[in-house]
Amino acid sequence: MAFISSGYDPENPMKDRITDIGPRNYEEFYPPVIKNNKGKWLYHEVLQPGVLVHVSETGDEVYTVRVGGARLMSISLVREICEIADKHCGGYVRWTTRNNVEFMVDSKDKVQPLIDDLQGRKFAGGSYKFPVGGTGAGITNIIHTQGWIHCHTPATDASGPVKSVMDEVFEDFQNMRLPAHLRISLACCLNMCGAVHCSDIAILGYHRKPPMVDHEYLDKMCEIPLAIASCPTAAIKPKKVEVGGKTVNSVEVNQSRCMFCGNCYTMCPCLPLADKEGDGIVLMVGGKVSNRISAPKFSKVAVAFIPNEPPRWPKTAETIKKIVETYAADANKYERLGEWAERIGWERFFEKTGLEFTHHLIDDFRDPAYYTWRQTSQFKF
Amino acid sequence: MAFISSGYDPENPMKDRITDIGPRNYEEFYPPVIKNNKGKWLYHEVLQPGVLVHVSETGDEVYTVRVGGARLMSISLVREICEIADKHCGGYVRWTTRNNVEFMVDSKDKVQPLIDDLQGRKFAGGSYKFPVGGTGAGITNIIHTQGWIHCHTPATDASGPVKSVMDEVFEDFQNMRLPAHLRISLACCLNMCGAVHCSDIAILGYHRKPPMVDHEYLDKMCEIPLAIASCPTAAIKPKKVEVGGKTVNSVEVNQSRCMFCGNCYTMCPCLPLADKEGDGIVLMVGGKVSNRISAPKFSKVAVAFIPNEPPRWPKTAETIKKIVETYAADANKYERLGEWAERIGWERFFEKTGLEFTHHLIDDFRDPAYYTWRQTSQFKF
Amino acid sequence: MAKHETPLLDQLESGPWPSFVSDMKQEAESRAKNANNINYQIPVDVVEDLLGVLELSYKDGETHWKHGGIVGVFGYGGGVIGRYCDQPEKFPGVAHFHTLRVNQPSGKFYTTEYLKQLCDLWEMRGSGITNMHGSTGDIIFLGTTTKQLEEIFFELTHNLNQDLGGSGSNLRTPADCIGAARCEYACYDTQDLCNHLTQEYQDELHRPAFPYKFKFKFDGCPNCCVASIARADMSFIGTWKDDIRIDQEAVKAYVAGELKPNAGAHAGRDWGKFDIQKEVIDLCPTKCMWYENGKLEIDNKECTRCMHCINVMPRALRPGKQTGCSILVGAKAPILDGAQMGSLLVPFVEVNKDNDYQEIKDVIEAIWDWWMEEGKNRERLGELMKRQGFQKLLEVTGIDPVPQHVQEPRHNPYIFWKEEEVEGGWERDINEFRKHHLR
Amino acid sequence: MAKHETPLLDQLESGPWPSFVSDMKQEAESRAKNANNINYQIPVDVVEDLLGVLELSYKDGETHWKHGGIVGVFGYGGGVIGRYCDQPEKFPGVAHFHTLRVNQPSGKFYTTEYLKQLCDLWEMRGSGITNMHGSTGDIIFLGTTTKQLEEIFFELTHNLNQDLGGSGSNLRTPADCIGAARCEYACYDTQDLCNHLTQEYQDELHRPAFPYKFKFKFDGCPNCCVASIARADMSFIGTWKDDIRIDQEAVKAYVAGELKPNAGAHAGRDWGKFDIQKEVIDLCPTKCMWYENGKLEIDNKECTRCMHCINVMPRALRPGKQTGCSILVGAKAPILDGAQMGSLLVPFVEVNKDNDYQEIKDVIEAIWDWWMEEGKNRERLGELMKRQGFQKLLEVTGIDPVPQHVQEPRHNPYIFWKEEEVEGGWERDINEFRKHHLR
Ligand code: SRM
Ligand code: SRM
Ligand code: SRM
Ligand code: SRM
Ligand code: SF4
Ligand code: SF4
Ligand code: SF4
Ligand code: SF4
Ligand code: SF4
Ligand code: SF4
Ligand code: SF4
Ligand code: SF4
């Protein structure tokens, strides 16, 4: 492993330095049919799950084949994508906002060969490399975050639960039988790197044990005032502690005020929360971001806790499946999961899905909690 | 004015003392037709504005004639009510939860003479004593409070604005042309002695100047810690002040944090807020308490301030009239004012009523304020 | 001639609505005349001075009443509101001008006999001015002197068999809608429950032991004619569990236009022919009704008992027979942190006269125990609920959480887990942790 | 044979959904083989160690990554997330394992030529593992050593004409929906606005001068395909001012069943014949549409541009021609005080390429000035808005309050009047007051 210089001179970092050039210009990357028809599209159609056509006022058409993928991708896989794009799509490809890959061709006859090629490719372990789907009233790719693969704050993994859940609902990735589209997202901790707070179904990693305090190192590794200020519930106070005969400056956590947000740990590595038994998953449901029919909505907590069950998180996957099936059977056409729950009432949501309603689901966080209680005599038995 | 003893002996207050006997039992006061048919009523009908019939499964009927009244009543007027009740109703009468008076008779032929008698009586000044009305889809009596007639915290009068507004909307007291019933309430200060916070139209007295501090007397007349604790925005701090060469304990008001609630004045008379120019009326609209169709709603601030204009508060009365007329013309049958505003959108409410939307109407009080801002791209131009 | 000129107030005599000014003037005159030779125990010109001080407020745009100070009757901590004029020299008749709160009878029915007794008493020992009624529900005797308070109380209790209502950090005078007495919608006997609890809790009503005021209100059905849901720490709202009773013939009569929709409440305008689809079925908030082959059908399981259909067609529809009430808690006016509606605590409870409403009292007393233990000075129940959480309320009342308790589940995941709920507890050893996770 | 046993991860290879484990294994193998004789600049077994540490987490139920520490490229305060393994001895290949955020092109279109260059660079100087893409939008290079950071940056800028994205208290990498490039609904050119502002604000993107992170996202219409309203401090959502364009012939074709509703998006189930009344008109949130005599009519003044009808009948309905965007501000994830959606600040602004989007920049810069002045450390714009009030936001941006700013007016009357708004000001003399109001 010999070091090879890029040309960068550490002694003289400013030499030839190029900065602030930003990303490549999008125009360089448009396939010709896109370049020629940008802003001129008249309408589209979903021809089959995963396949769209857009028709331009010029008469041009673009056919899009969308495939799912773990967004954690090796360069081998990216190169395979390039190979396919070179073969079928003139060397262009795109990613969607939900980490699917879109192959575009400019005429109908190129579609089927492309699909066949994509569907035919499998990993050694047997899973699809490029399953076609993810359009319309179905389930598309799960937006997710790092989990145990790269982050220091997760309360669950990301890629593993995503794979498990997508396996469970895979048919709905390749079908469009749901009342409306259903978006699942995962965030491995409360930082919620994604739009998890507004998803039809949100899988959220959550801690349930207050931080341990690594007194011996805390003052060396952290800024105590920042650690204290970081806590939204003011659960952290400064404290002098005896460690190995020496008095050190440290902090104390008022455990009963802690709601396990991990913000203190973000600010100070001497306050770790992670714990095998404490950590797990919160399921939230009924959020949305589109402004279609109803305004965007936050997801609501439907299951307060499911333990982490690596490698396949069966209880999480099952519960989601149950919610999806109940929704599929009961909602009206065009009705998002949250709109359905509101129409039938949350009391019916719990009855129909068979999920247990526990005291954890009642809001008790700050003033706005009050607005979620029932301030009317209207309810269903 | 010779003192006449009731029998009470101040030297021996416990002598013959009777306590905790509570109110008179309701049964003593039921007219026979009520006593006989309690719990057996089958249905009712509003025969004309102010006149109801209730029909019992026994075949009995009770006819109710409802009349409006200033709830501030002299005993002369109460005696006159008794006289009427003796004459027409066998010596029974009742008050409603909105301070109207109800005369009940047990057969139809007694109704018209009763109405004629009631409508015929006028005060020397020319106003009705007992105007018949207040039923159904109209405007009934205004719930109100003390104002300048008895309370120490009002920012407006009660009886005066009520008289002025009722004069303005009097036709709707004697008609039932509105889309639904419309309830107006008045509270002379933020303590809101009434259901003003959930009224179709709420007239609220409001201060706009922070309390003055009567340093010289404060420590003598108030408990400083209580005064400080009373302030919901923590605007009050202890302070030592020089008064006439002496240092006294007092408090200081951080004026920019004050929202003029008067709670400090309730706790401490040395913090008066009342001010001729500062005080006036806030108009709130769209509240309701019934659970009919939609859940109960809070009233929303529609006009941030109208100056007090005694004796007839013309701007307040006019503005209310304008709101009523717009609502009457635009709402659907059965639609309460708040339901109407929500259906058409508040942007239309302001457009149609011609009321000005000012920055004061945007919530900025605590966390829940956020939920009243517009979190969607849906709006009307 | 009047004692004080009242050019501003005089302008409130015109117009159709009953003029309180005219009424006060007639009372002032009546006192001045004293046709019945009453031995007035407070100044004869009290009403004139009241008009005078009010006129001054109209001129100044400010009240002329001061803080009350502690006046009352011996042994009671409520029922009297002290009041003093800040211009006593100009208006000596109202220099002291306290109100008494006389506990109204449930339902507010009266015999004239009783009313007249009240008038006689108040004529002699007070201003002769009342509020019929105060916002909480009491009969308000508006203005007397300190010395008369005990006298009035003595006469009330001895001659009128009548007690005072509440004020201060007490249970306040409970109030109810007319209910079963004259309303076909009533799901329980509001008068009886109101009266029973008023009598049961006389001690709480008269002797301040609470952190702040506490109010009960009783509505016979979800129409809420006493506005309980908006202004009672505990609202008892009638409801039912079984099916809405339907008289299909009467439904047809409505559809045919033979019966007036909403019992004629909309008769002031021509709204066109009654349209059951538009006026009832489409407005049902749960969309659980349909009209087919001349029959109205209701999927009662989905009905939230909002009353709309019943209100529109009272001769065809009636609440079910398995009636009781829902209990909502925590409503209050805006001081300090904003107004609150009542929040549903008990979805359904039978209102059982036979066991003296024991289930209901159990809920009341559990709540009081909690509030008296935990409530801060001047903290209403609703505020305590906000501060300690709805969960705590369920805990102290021993009620199981059900989805009915919420309009929607929380949208923040900030769940305050308790140590005993978490496997393995909270105590951990940082050094053990560091074995697997180097610094 | 693999370096580490991964019995748990192996179970994630089965099932239809693409297995990230299989993919990582293929990369591990490819590196081990090194068919192209790459001179790997980080350990060849990096992916094996990554699998190993992940397997350990699956066993332990806890992450094995530590805090980052400050690593980055010279002169930039963002673009790199430092990361260290807490078991470096067991997994030396990932002992340092920093990510780079490579600023994706707007719209996320690529040529394979460019992608292959990225792959080559990342193969030699990094783990060969990426995220396509990160949640904010960047291309994520997942894992390299500190030493390689400058090398990669040098190659990116010199050979790929490509810069890093944002991290830290910076402007974060802006992102957009596909918009006009391939979507008929787009009301403005999201790619151009996204790219333009990214370029314009390179300094803000790379050099932390803000209290905390700040995000832009660009949605071409209210469908919000980049979820801007939920996760951008400033969301630019396309909309229009004039009328929805209607092709009545196409409407008829939908009604006749010749065109598939919602462009075929519901084809997976038999929902029965298309019913324009039920599926479009009744679901319109403002009820501003009706179908009469074979014609669809829209009362456009009442339309709130929710997109539903257009989504259902894209061949018949199109957004108007007078297009632009709404700007909503303050969305964020739940840390610290709860999640926020964007709140409407600018109901409508033209998106004007010709003047380099100056009106939009004016809003952005006014907001930044305020936030940089007043924002506390780690306070997002949304939180500042909550703390100082929406009024303040209007003030600093010079925008007039309009009812469009609120879903509903305040229900508490706690208005913080300013002294200059109140006649006579606030200074008063208590002794003057006491002349009229005795103590
Ligand atoms: C490709 C993509 C944009 C991009 O820049 O990458 C996209 C593309 C389209 N969206 Fe989207 N949406 C895309 C993410 C989203 C998101 C964002 C998200 O989920 O994170 C949303 C908001 C979701 C939410 O509300 O939670 C979104 C909400 C919509 C809606 C509103 C649907 C609703 O019922 O609320 C429509 C309208 C429709 O479906 O008819 C729509 C419609 C469309 C159309 C039909 C627009 C058009 O005419 O081309 C495109 C094809 C839809 C399809 O897949 O059936 N798109 N769309 C994104 C594909 C993601 C994926 O790989 O699955
Ligand atoms: C007499 C009284 C009860 C009492 O104990 O005194 C009463 C009596 C009736 N109410 Fe009420 N309501 C009375 C105050 C109320 C209140 C309380 C208030 O306004 O402070 C409300 C809640 C108002 C609100 O939501 O803001 C109230 C909301 C209703 C409703 C629901 C109306 C709605 O559209 O939301 C009905 C149903 C209806 O009108 O069909 C109703 C119906 C009725 C019926 C029809 C019940 C019956 O079958 O007898 C009674 C005659 C109604 C009429 O006047 O047209 N009553 N009613 C009260 C008369 C007040 C007055 O003098 O005007
Ligand atoms: C007399 C009455 C108004 C009226 O004209 O009818 C009244 C009068 C006063 N109320 Fe009230 N309240 C009256 C019903 C109410 C109601 C309505 C109700 O009970 O249904 C409310 C709203 C409901 C509630 O309790 O939340 C009400 C909410 C308040 C508050 C605010 C309490 C809160 O928690 O937000 C205060 C302030 C306080 O307690 O310091 C208050 C305080 C007062 C005081 C004692 C003023 C004070 O701060 O000392 C007033 C004495 C006025 C006087 O000089 O006579 N009054 N007060 C009502 C009692 C008459 C009766 O007994 O029937
Ligand atoms: C890489 C990425 C997740 C991913 O797997 O895709 C990510 C990863 C991290 N985020 Fe994030 N955030 C990422 C997109 C987001 C998003 C989504 C978005 O931008 O649309 C959000 C929610 C939107 C928002 O900004 O509110 C998000 C909200 C957070 C927060 C909470 C911020 C808040 O104000 O509530 C934190 C906590 C913090 O800043 O300390 C955070 C912090 C972090 C840190 C830096 C952890 C930390 O506390 O130091 C994570 C580093 C993980 C790692 O080791 O690589 N991340 N983070 C995303 C960035 C990739 C990219 O550049 O494309
Ligand atoms: S959600 Fe939390 S654990 Fe997951 S990547 Fe973001 S910061 Fe890390
Ligand atoms: S986890 Fe959150 S609530 Fe708990 S101590 Fe840390 S910062 Fe405070
Ligand atoms: S509302 Fe205020 S001013 Fe009016 S009576 Fe009640 S406490 Fe007094
Ligand atoms: S009026 Fe209210 S906000 Fe102002 S100082 Fe007094 S208690 Fe505080
Ligand atoms: S609340 Fe119901 S029961 Fe009571 S009077 Fe009103 S309608 Fe009748
Ligand atoms: S009571 Fe209300 S919810 Fe029930 S059927 Fe009638 S209208 Fe519908
Ligand atoms: S947000 Fe609108 S314009 Fe952008 S891709 Fe989605 S549907 Fe098209
Ligand atoms: S865009 Fe939405 S609001 Fe406008 S007409 Fe269509 S469905 Fe109605």
Side-chain angles (χ1 to χ4, degrees), chain A residues 190 197 204 206 208-210 212-215 217 221 255-256 258-261 269 272 274-275 277-278 282 284 286-287 298-302 304-305 307 341-342 344-351 357-365 367 369-381, chain C residues 222 224 229 237 239 241 285-287 301-306 326 328 330-331 337-338 340-344 347-348 382 385-386 388-392 394-395 401-419 421-426 428-430 433-434 437 439:
Chain A
L190 201 59
H197 53 303
L204 173 67
Y206 204 71
R208 292 185 307 159
K209 300 196 180 187
M212 284 171 275
V213 187
D214 198 349
H215 292 301
Y217 289 83
M221 295 177 68
Q255 299 191 329
S256 68
C258 177
M259 40 84 163
F260 323 102
C261 70
D275 184 274
E277 289 171 303
V282 177
M284 301 175 72
F298 291 122
S299 313
K300 320 291 183 300
V301 179
F305 189 73
E342 286 175 11
I344 64 171
W346 287 94
E347 57 272 49
R348 281 288 168 277
F349 171 86
F350 285 95
E351 185 184 298
F357 186 89
T358 68
H359 71 87
H360 309 97
L361 309 191
I362 302 177
D363 198 356
D364 59 352
F365 191 70
D367 268 20
Y370 160 79
Y371 294 93
T372 70
W373 306 340
R374 192 177 298 256
Q375 272 110 30
T376 170
S377 65
Q378 288 193 25
F379 63 86
K380 298 181 181 181
F381 282 107
Chain C
C224 279
I229 200 169
I237 303 180
T239 194
K241 270 191 118 160
T286 62
K287 306 279 176 287
K301 185 163 190 299
E302 300 309 313
C303 165
T304 51
R305 303 169 308 289
C306 82
S326 299
L328 288 86
D337 271 354
Q340 279 180 244
M341 299 276 183
S343 297
L344 182 69
F348 185 86
M385 285 163 54
K386 271 191 176 175
Q388 296 204 344
F390 199 88
Q391 280 86 340
K392 190 75 194 169
L394 292 177
E395 209 179 291
V402 289
Q404 281 76 7
H405 285 130
V406 298
Q407 199 61 41
E408 57 186 38
R410 67 193 309 148
H411 68 248
N412 65 70
Y414 298 151
I415 301 170
F416 289 90
W417 291 91
K418 293 186 193 128
E419 181 160 18
E421 294 176 316
V422 181
E423 294 72 23
W426 283 348
R428 293 177 289 161
D429 181 352
I430 183 77
F433 182 83
R434 285 302 184 208
H437 304 280
R439 275 181 198 96

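By convention in this document, chain letters (A, B, ...) are assigned in the order of the sequence lines, proteins followed by strands, and residues within each chain are numbered from 1. None of the values given here were measured: they were computed from a predicted structure.
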Within-4.5 Å side-chain heavy-atom neighbours: A/Tyr370 and C/Met341:
yes
Do the numbers put C/Lys241 on top of the ring of A/Phe381, so that NZ or CZ is under 6.0 Å from the six-membered ring centre and no more than 45° off the axis?
yes
Give the member of C/Met385, C/Lys386, C/Gln404 that has the highest number of heavy-atom pairs under 4.5 Å with chain A.
C/Gln404
Contact class of C/Gln340 relative to chain A, heavy atoms under 4.5 angstrom:
both
Which atoms of C/Ser343 are under 4.5 Å from chain A, going by heavy atoms: the side chain, the backbone, both sets, or neither?
both
Measuring from C/Ser326:OG to A/Arg374:CZ, what's the distance to the nearest 0.5 Å?
10.5 Å
Which one wins on heavy-atom pair count under 4.5 Å against chain C: A/Trp346, A/Phe349, A/Tyr371, A/Phe298?
A/Trp346
Chain A contact via C/Val402 - side chain, backbone, both or neither, heavy atoms under 4.5 Å:
backbone
Do the charged groups of A/Asp364 and C/Lys392 touch, with an N to O distance under 4.0 Å?
no
Any chance the side chains of C/His405 and A/Glu347 put a donor and an acceptor closer than 3.5 Å?
no
Name the orientation class of the two ring planes belonging to A/Trp373 and C/Phe390 (parallel below 30°, tilted from 30 to 60°, perpendicular beyond 60°).
tilted
What distance do C/Glu408 atom CD and A/Glu342 atom CD have between them, rounded to the nearest 0.5 Å?
6.5 Å
Answer key: most heavy-atom pairs under 4.5 Å with chain C among A/Gly278, A/Ala302, A/Pro210 is A/Pro210
Contact leader toward chain C among A/Glu351, A/Lys209, A/Met284, where contacts are heavy-atom pairs under 4.5 Å:
A/Lys209
Shortest non-hydrogen contact between C/Ile229 and A/Ser377, atoms and distance
CD1-N, 4.2 Å
Between the main-chain N or O of A/Phe379 and the side-chain N or O of C/Arg305, is there a donor-acceptor pair closer than 3.5 Å?
yes
Side chains of C/His411 and A/Ser299, heavy atoms from C-beta outward: is any pair under 4.5 Å?
no
Ranking A/His197, A/Lys300, A/His215 by heavy-atom pairs under 4.5 Å to chain C gives rank one to A/Lys300
Honestly, the part of A/Phe350 sitting under 4.5 Å from a heavy atom of chain C is side chain
Where on C/Lys301 is there a heavy atom nearer than 4.5 Å to chain A: the side chain, the backbone, both, or neither?
both
So for A/Tyr217, is it side chain, backbone, both, or neither that comes closer than 4.5 Å to the heavy atoms of chain C?
side chain
Are C/Ile415 and A/Met259 close enough, and set up right, to give a side-chain contact (heavy atoms from CB on, under 4.5 Å), and what steps lead you there?
CA-CA 6 Å; C/Ile415 301 170; A/Met259 40 84 163; over 6 Å; no
Quick one: are A/Asp275 and C/Phe433 in side-chain contact, heavy atoms under 4.5 Å?
no
Within a strict 4.5 Å, meaning less than it, do heavy atoms of the C/Pro401 and A/Ile362 side chains meet?
yes
So which part of A/Ala369 gets closer than 4.5 Å to some heavy atom of chain C, the side chain, the backbone, both or neither?
neither
Flag the pair A/Arg208 and C/Glu421 as a salt bridge only when some basic side-chain nitrogen lies within less than 4.0 angstrom of an acidic carboxylate oxygen.
no
Residue part contacting chain A, namely of C/Cys224, when any heavy atom lies under 4.5 Å:
neither
Check ion pair A/Arg348-C/Glu302 (N to O, under 4.0 angstrom):
yes
Going by heavy atoms in the side chains, are C/Thr304 and A/Lys380 under 4.5 Å from each other?
yes
With only heavy atoms counted, which part of A/Pro272 is less than 4.5 Å from chain C, the side chain, the backbone, both or neither?
both
Examine whether an atom of A/Pro269 lies under 4.5 Å from a heavy atom of chain C, and if so say whether it belongs to the side chain, the backbone or both; otherwise answer neither.
backbone
On a heavy-atom basis, which atom in A/Asp214 and which in C/Arg439 lie closest, and how many Å separate them?
OD2-NE, 2.5 Å
Supply the atom-to-atom distance C/Trp426 CH2 to A/Gln255 CD, rounded to the nearest 0.5 angstrom.
6.0 Å
Min side-chain heavy-atom separation A/Cys258-C/Trp417 under 4.5 Å:
no
Pair count under 4.5 Å, heavy atoms only, with chain A: among C/Gly330, C/Gly389, C/Cys306, C/Pro413, highest is C/Pro413
In terms of heavy-atom contacts, A/Ser256 and C/Phe416 come closest through O-CD2, 4.2 Å
Is any side-chain heavy atom of C/Tyr414 less than 4.5 Å from a side-chain heavy atom of A/Phe260?
no
Is it the case that the side chains of C/Gln391 and A/His360 hold a donor-acceptor pair, with the cut-off being a distance below 3.5 Å and no angle test?
no
C/Gly342 to A/Gln375 - nearest heavy-atom pair and separation
O-CG, 3.1 Å
Is any side-chain N of the basic residue among C/Arg428 and A/Glu277 closer than 4.0 Å to the acidic one's carboxylate O?
no
Can you check whether A/Asp363 reaches C/Asn412 side chain to side chain, under 4.5 Å on heavy atoms?
yes
